[in-house]
*Asks:* 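Here you go, one structure.
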Amino acid sequence: MAVTGDETAATGDMPAYQIRTPTTTLPQGVVMAASPGTLHSPQQMAEEATRKRELRLLKNREAAKECRRRKKEYIKCLESRVAVLEVQNKKLIQELETLKDICSSKTD
DNA sequence: ACGCCCCCGCGTCAGTCAAC
DNA sequence: GTTGACTGACGCGGGGGCGT
């Protein structure tokens with residue numbers, strides 16, 4: 001089989017594109033937050049909240065892109081597997097017909 | 001040229017899950 | 001309980017095909 005066949009190997013009921021691998025890398029240019037103990041004024045708190053939100057959106061944006069890429073790959077993989085199985089099915093049907101012919105000619 | 005429809009990719013939100 | 005990663009769902013905008 002040309003397909004990897006690992007879509008159910010690791011997690012049972014989870015599609016391959018859903019298998020979660022830990023990612024700790026941040027997008028370029030992202031700076032981690034200052035520790036909460038260093039914050040003082042309400043303005044600083046608000047700026048920190050805004051910065052955190054922007055960071056979260058940025059990361060989620062990247063995660064969504066990656067998620068869609070994996071999903072497309074997964075679907076592509078399934079489609080090629082379908083193609084392989086269809087060819088295999090045709091061959092088996094053909095073989096069955098041949099065997100039927102042989103059997104019927106013998107009983108005649 | 002124009003409107004309409006369909007498809008695709010994107011950004012965002014909300015919910016879930018696992019790790020801590 | 002909190003946090004971060006992941007993903008389904010939703011809405012939006014752009015591009016292409018098609019009929020008028």
Side-chain angles (χ1 to χ4, degrees):
Chain A
M1 186 79 74
V3 184
T4 59
D6 61 354
E7 58 265 17
T8 57
T11 58
D13 57 346
M14 194 185 284
Y17 75 95
Q18 287 183 329
I19 294 175
R20 297 177 181 183
T21 55
T23 53
T24 55
T25 55
L26 288 174
Q28 281 192 342
V30 172
V31 183
M32 289 307 288
S35 64
T38 64
L39 294 173
H40 301 292
S41 68
Q43 183 177 348
Q44 276 178 314
M45 300 284 279
E47 282 173 3
E48 176 66 8
T50 302
R51 207 197 55 76
K52 273 189 177 176
R53 172 182 158 77
E54 282 172 359
L55 179 60
R56 181 172 53 80
L57 289 180
L58 176 64
K59 283 178 138 186
N60 188 242
R61 203 177 300 143
E62 295 301 315
K65 279 183 195 169
E66 182 62 16
C67 179
R68 285 164 180 146
R69 189 194 64 77
R70 277 199 299 268
K71 190 172 183 177
K72 279 182 78 175
E73 202 177 338
Y74 173 67
I75 288 171
K76 217 167 138 185
C77 187
L78 285 183
E79 284 171 346
S80 66
R81 189 174 174 193
V82 166
V84 167
L85 290 175
E86 277 175 349
V87 169
Q88 197 177 345
N89 195 37
K90 268 186 187 173
K91 280 183 185 172
L92 288 171
I93 289 172
Q94 208 167 1
E95 191 180 337
L96 178 62
E97 293 304 319
T98 306
L99 290 172
K100 274 184 187 172
D101 285 347
I102 293 172
C103 279
S104 65
S105 67
K106 273 190 178 175
T107 55
D108 285 348

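Lettering follows sequence order; numbering is per chain, from 1. Because the structure is predicted, anything quoted here is derived from the model rather than measured.
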*Asks:* Whole Å only: how far is the CZ atom of A/Arg53 from the C1' atom of B/dT12?
*Replies:*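 Distance check: A/Arg53 CZ to B/dT12 C1' gives 8 Å.
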*Asks:* Find the distance A/Arg68:CZ to C/dA9:C1' and express it as a whole number of Å.
*Replies:*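 Between C1' of C/dA9 and CZ of A/Arg68: 10 Å.
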*Asks:* Among the candidates B/dG11, B/dG9, B/dC13, find the nucleotide nearest to the side-chain atoms of A/Lys72.
*Replies:*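 Output: B/dG9.
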*Asks:* Using side-chain contact (heavy atoms from CB on, under 4.5 Å) as the criterion, point out the one residue from A/Glu47, A/Arg53, A/Glu54 that pairs with A/Thr50.
*Replies:*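 In the set A/Glu47, A/Arg53, A/Glu54, the residue that makes a side-chain contact (heavy atoms from CB on, under 4.5 Å) with A/Thr50 is A/Glu54.
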*Asks:* Could you tell me the separation between the CD atom of A/Gln44 and the CZ atom of A/Arg51, rounded to the nearest 0.5 Å?
*Replies:*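 Between atom CD of A/Gln44 and atom CZ of A/Arg51 there are 12.5 Å.
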*Asks:* Do the charged groups of A/Lys59 and A/Glu62 touch, with an N to O distance under 4.0 Å?
*Replies:*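 Looking at A/Glu62 together with A/Lys59, the answer is no, because their closest N to O distance does not fall below 4.0 Å.
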*Asks:* Checking all strands, does A/Arg69 fall into the base, sugar-phosphate, or nothing category for heavy-atom contacts under 4.0 angstrom?
*Replies:*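 No contact at all - A/Arg69 keeps every heavy atom at 4.0 Å or more from the nucleic acid.
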*Asks:* Taking only the side-chain nitrogens and oxygens of A/Arg70, find out if one of them lies under 4.0 Å from OP1 or OP2 of C/dT7.
*Replies:*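 For C/dT7, OP1 or OP2 has a side-chain N or O of A/Arg70 closer than 4.0 Å.
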*Asks:* Does a side-chain heavy-atom distance below 4.5 Å link A/Leu92 with A/Glu95?
*Replies:*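 Answer yes - side chains close enough.
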*Asks:* So how far is it from A/Glu86 CD to A/Lys91 NZ, rounded to the nearest 0.5 Å?
*Replies:*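 The NZ atom of A/Lys91 is 13.5 Å from CD of A/Glu86, to the nearest 0.5 Å.
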*Asks:* Over how many whole Å does the gap from A/Glu62 atom CD to B/dC13 atom P extend?
*Replies:*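 Roughly 16 Å, once rounded to whole Å.
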*Asks:* Please state how far atom CZ in A/Arg61 lies from atom P in B/dG9, giving the value in whole angstrom units.
*Replies:*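 The answer, rounded to whole Å, is 18 Å.
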*Asks:* Given C/dG4, is OP1 or OP2 found less than 4.0 Å from the side-chain N or O atoms of A/Lys59?
*Replies:*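 Result: no.
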*Asks:* When you get a sec, tell me which of C/dG4, C/dC6, B/dG11 is the closest nucleotide to the side chain of A/Asn60?
*Replies:*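 Given the options C/dG4, C/dC6, B/dG11, the side chain of A/Asn60 is closest to C/dC6.
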*Asks:* May I have the distance from A/Glu66 (atom CD) to B/dG9 (atom P), rounded to whole angstrom?
*Replies:*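 It works out to 15 Å between those atoms.
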*Asks:* How close or far is atom P of B/dC8 from atom CD1 of A/Ile75, stated in whole angstroms?
*Replies:*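 Value for this atom pair: 10 Å.
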*Asks:* Where the side chain of A/Leu57 is defined as all heavy atoms beyond and including C-beta, which of C/dC6, B/dG9, B/dC13 is the nearest nucleotide?
*Replies:*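 Closest nucleotide to the A/Leu57 side chain: B/dC13.
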*Asks:* May I have the distance from A/Lys71 (atom NZ) to C/dG8 (atom C1'), rounded to whole angstrom?
*Replies:*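 So the NZ-C1' distance, A/Lys71 to C/dG8, works out to 7 Å.
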*Asks:* Nearest-Å distance, CZ (A/Arg56) to C1' (C/dT2)?
*Replies:*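 That distance rounds to 15 Å.
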